[in-house]
Amino acid sequence: MEVKLWNDKREREIYENFAELYAIIKATEKLEKAYVRDIISPAEYEPECQKLIAHFKTLGSTLKDIVPSIDRFHETYKMDCPAALNRLVTSGVPATVEHRASAAMSATTSAATVAECVQNFITAMDSLKLNMVAVDQVHPLLSDLSASLNKLSILPPDFEGKTKMKEWIGRLSKMGAADELTEQQARQLHFDLESSYNSFMAALPTDGT
């Protein structure tokens, strides 16, 4: 005996759309697993993933009144497709696109931090040349420099600039705000800044690395 799932054309379309949605989610789960396991290359993965996401968005718009929650649809049919849900619902773009965006953002952030470090080095050295040697003048400059150096992940914890600035900040913290560096101290600090700056520039990766 044949059992009909629908009574009219509209109900039939709904069930067909349900079946298509189910198939898209299952196919996306398989694709994500294949990509993670290196079974397919990024070049093969990306266009296929984009197609599935596009189909999912189109179908989602069609079914938005009938299937208000994809999570609930996923639970109702016991699909067990977490990777597909992440890709289709949470992310909305292929993993390869996510990785490129993340790398670009990381590169932009690093470039901005490098520029900040350079500026802080130059400001601190110029201030000493202008005889700004009071503790309340020098301490904020070294603190800003130390903070910017610590933000840059490419520098090791024992990087010369980090350790030198930490030593100087500790030394200045024991002095009064109105106290001034002696000529010898100022000269030594400028030398340490210049040496640290040169080490900093040398530590930066070149275009070829």
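None of the values given here were measured: they were computed from a predicted structure.
A186 and L128 make their closest contact through O-CD1, 4.0 Å (heavy atoms, listed as atom of the first residue, atom of the second, distance). Across every non-hydrogen atom of T163 and P157, the tightest pair is CG2-O, 4.4 Å. What you find for L155 and A203 is that their closest heavy atoms are CD2-CB, 4.0 Å. Nearest heavy-atom pair, L142 versus A124, reported as atom, atom and distance to 0.1 Å: CD2-CB, 4.5 Å. Considering all non-hydrogen atoms of both residues, P94 and I53 come closest at N-CD1, 3.7 Å. Minimum interatomic distance between L59 and L21 (heavy atoms only, all atoms of both residues): CD2-N, 3.4 Å.
With rounding to the nearest 0.5 Å, the separation of CD in E13 from CD1 in I66 is 9.5 Å. Between atom NE2 of residue H139 and atom OG of residue S146 there is a gap of 9.5 Å, rounded to the nearest 0.5 Å. Rounded to the nearest 0.5 Å, atoms NZ (K64) and CD1 (I70) are 13.0 Å apart. Atom CD of Q188 is separated from atom CG of L193 by 10.0 Å, given to the nearest 0.5 angstrom. Put simply, SG on C117 and CG on L152 are 5.5 Å apart, with the number rounded to the nearest 0.5 Å. To the nearest 0.5 Å, atom CG of residue D136 and atom CE of residue M175 are 10.5 Å apart.
Counted by atom type alone, Y35 and E44 present zero donor-acceptor pairs between their side chains at under 3.5 Å. Side-chain atoms of Q137 and S127 form no donor-acceptor pair, as typed in the model, at a separation below 3.5 Å. Between the side chains of Q119 and T123, at least one donor N or O sits under 3.5 Å from an acceptor N or O.
Contact of the K162 side chain with the S196 side chain is not registered, since no non-hydrogen atoms from C-beta on lie closer than 4.5 Å. The shortest distance between side-chain heavy atoms of M79 and F73 falls below 4.5 Å. When side chains are defined from C-beta on, L141 does not count as touching N120, because their heavy atoms never get closer than 4.5 Å. No side-chain heavy atom of S195 sits less than 4.5 Å from a side-chain heavy atom of K164. Put simply, the side chain of R12 reaches to within 4.5 Å of the side chain of E16, judged on heavy atoms. Inter-residue side-chain proximity for L85 and T90 is flagged as unmet; no heavy-atom pair is nearer than 4.5 Å. C81 has its side chain out of reach of T28: every pair of non-hydrogen atoms, C-beta onward, lies at least 4.5 Å apart. Side chains of W168 and D192 form a contact here, defined as non-hydrogen atoms less than 4.5 Å apart.
Side-chain heavy atoms closer than 4.5 Å link hydrophobic residues (I, L, V, M, F, W, Y) into clusters, and following such links, even through other members, never connects F121 to M132. Under the 4.5 Å side-chain heavy-atom criterion for grouping Ile, Leu, Val, Met, Phe, Trp and Tyr, I14 is connected to Y77 within one hydrophobic cluster. At a threshold of 4.5 Å between side-chain heavy atoms, the hydrophobic network of Ile, Leu, Val, Met, Phe, Trp and Tyr places M165 and F191 in two separate groups. Residue L88 is grouped with residue V67 when hydrophobic side chains (ILVMFWY) are merged at heavy-atom distances under 4.5 angstrom, including chains of intermediate members. The cluster map of Ile, Leu, Val, Met, Phe, Trp and Tyr, joined by side-chain heavy atoms under 4.5 Å apart, puts M125 and M201 in the same cluster.
Classification of R87 and E98 as a salt-bridged pair holds, one side-chain N sitting under 4.0 Å from a carboxylate O. A salt bridge is absent between K51 and E46; no separation between the charged side-chain nitrogens and carboxylate oxygens falls under 4.0 Å.
Under a cut-off of 6.0 angstrom, the local environment of CG in D71 is crowded, with over 12 non-hydrogen atoms contributed by other residues, nucleotides or ligands.
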Report the C-alpha separation of S148 and L145 in whole Å, then their side-chain angles, then the decisive distance to 0.1 Å, and conclude whether the side-chain contact (heavy atoms from CB on, under 4.5 Å) test is met. CA-CA 5 Å; S148 60; L145 174 56; 4.2 Å; yes

Under the salt bridge (charged side-chain N to carboxylate O under 4.0 Å, His left out) criterion, do E183 and R187 qualify, and how do the steps go? CA-CA 6 Å; E183 185 180 343; R187 190 170 177 177; 5.6 Å; no

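A perpendicular orientation is assigned to the rings of Y15 and F18, their planes being inclined by more than 60° (bins at 30° and 60°).
Side-chain atoms of Y45 come within 3.5 Å of backbone N or O of A95 as a donor-acceptor pair. Put simply, the side chain of E29 gets close to the backbone of A84: a donor and an acceptor are under 3.5 Å apart.
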